[in-house]
Amino acid sequence: MDRRTSSRALAAPLVVTAVIVGALLIAGPFVDSSLGPVAEVADGNAAPVDDAADYPPPRTATVERVVDGDTVVVVLDGESVRVRLLNVDSPESVKPDSPVECLGPEASAALSGLLPVGTTVTLEFDRETTDQYGRMLAAVVTSDGTFVTAALAGAGLAEPVVYGGNDRFLAEVERAADEARSARVGLWGGVCD
């Protein structure tokens with residue numbers, strides 16, 4: 001192991017810890033279960049993002065494991081279900097026949113830190129609830145109100161993306177990603193250049 005590689009290996013746990021803490025500070029509370037998804041408006045009060053009645057109802061699940069930076073397996077109604085997080089794309093770390101991308105392991109570690117095994121989460125849905133691979137598509141919110149997708153984007157470990165017509169949570173993710181870009185963290189910090 002050369003000096004550059006060993007420095008990266010030693011710094012990685014510190015970077016991941018800092019990223020998780022920063023992501024939690026940026027994302028903050030997202031959901032008040034009585035209102036459905038909320039976003040902070042200029043006066044600091046929470047306001048509903050949309051009419052939640054237009055979407056499938058939220059579901060409660062338990063985290064079984066993290067697959068990578070944008071996919072988890074949850075236990076839902078007693079069954080293991082693979083969930084692809086809505087409106088983010090993180091660098092690849094486990095895709096078959098693909099190289100591990102810059103910050104892919106860090107994105108996976110950050111998601112594991114946000115969603116430890118056994119964590120109870122709320123799954124919020126958009127128009128399309130499954131993707132072409134049969135994965136459930138959902139926004140994941142922790143019991144303390146952390147919008148996990150925005151936390152990853154805010155840490156600079158995932159980029160905003162829209163698949164199909166699913167853009168319900170996009171504005172919140174884009175705001176978090178813009179903050180990460182302005183702060184030059186993660187993908188925008190020059191590490192992957």
Side-chain angles (χ1 to χ4, degrees), residues 8-33 36-38 57-95 100-126 129-131 133-161 169 172-173 176-177 179-180 183 185-187 189 191:
R8 279 187 177 165
L10 292 173
L14 295 174
V15 169
V16 169
T17 301
V19 164
I20 291 170
V21 170
L24 290 172
L25 291 172
I26 290 170
F30 178 72
V31 170
D32 172 340
S33 60
V38 297
R59 308 276 303 274
T60 301
T62 304
V63 175
E64 184 175 289
R65 68 184 175 92
V66 168
V67 175
D68 62 14
D70 53 31
T71 307
V72 297
V73 176
V74 300
V75 177
L76 180 65
D77 297 331
E79 303 220 6
S80 292
V81 177
R82 190 173 286 243
V83 177
R84 174 65 167 79
L85 302 180
L86 280 172
N87 298 128
V88 289
D89 186 32
S90 69
E92 296 298 338
S93 61
V94 297
K95 186 175 182 181
V100 172
E101 295 177 345
C102 180
L103 294 179
E106 289 81 358
S108 294
L111 189 55
S112 293
L114 290 164
L115 298 175
V117 171
T119 300
T120 299
V121 296
T122 299
L123 305 176
E124 295 273 350
F125 301 98
D126 204 330
T129 58
T130 57
D131 70 7
Y133 305 109
R135 298 177 295 189
M136 179 178 282
L137 298 170
V140 177
V141 182
T142 63
S143 60
D144 70 356
T146 300
F147 178 31
V148 173
T149 305
L152 290 170
L157 295 172
E159 296 184 78
V161 66
F169 306 101
E172 182 73 16
V173 173
E179 290 177 19
V185 298
L187 296 167
V191 175

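Values in this document were obtained by computation on a predicted structure and should not be read as measured data.
Rounded to the nearest 0.5 angstrom, T71 OG1 and R65 CZ are separated by 10.0 Å. Distance check: L123 CG to L85 CG gives 9.5 Å after rounding to the nearest 0.5 Å. Atom-to-atom distance recorded for R82:CZ and D131:CG is 10.5 Å, nearest 0.5 angstrom.
Within 6.0 Å of atom CZ in R59, 12 or fewer heavy atoms from other residues, nucleotides or ligands are found, so the atom counts as exposed in its surroundings.
Distance alone, capped at 3.5 Å, places no donor-acceptor pair between the T130 side chain and the G134 backbone. The backbone N or O of V161 sits less than 3.5 Å from a side-chain atom of N87, completing a donor-acceptor pair. A side-chain donor-acceptor contact under 3.5 Å links S112 to the backbone of S108.
You'll find the side chain of L152 reaches within 4.5 Å of the side chain of L114, heavy atoms only. Contact of the T62 side chain with the T119 side chain is not registered, since no non-hydrogen atoms from C-beta on lie closer than 4.5 Å. When side chains are defined from C-beta on, T149 does not count as touching E172, because their heavy atoms never get closer than 4.5 Å. Between P160 and V88 there is no side-chain heavy-atom pair separated by less than 4.5 Å. Two residues are said to be in side-chain contact when any heavy atoms from C-beta on lie closer than 4.5 Å; V83 and R135 fail this criterion. With a 4.5 Å cut-off on side-chain heavy atoms, D89 and R84 count as touching.
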For V66 and V72, run side chain to side chain contact (heavy atoms under 4.5 Å, CB included): C-alpha distance rounded to whole Å, both residues' side-chain angles, the deciding distance at 0.1 Å, then the answer.
-> CA-CA 4 Å; V66 168; V72 297; 4.0 Å; yes

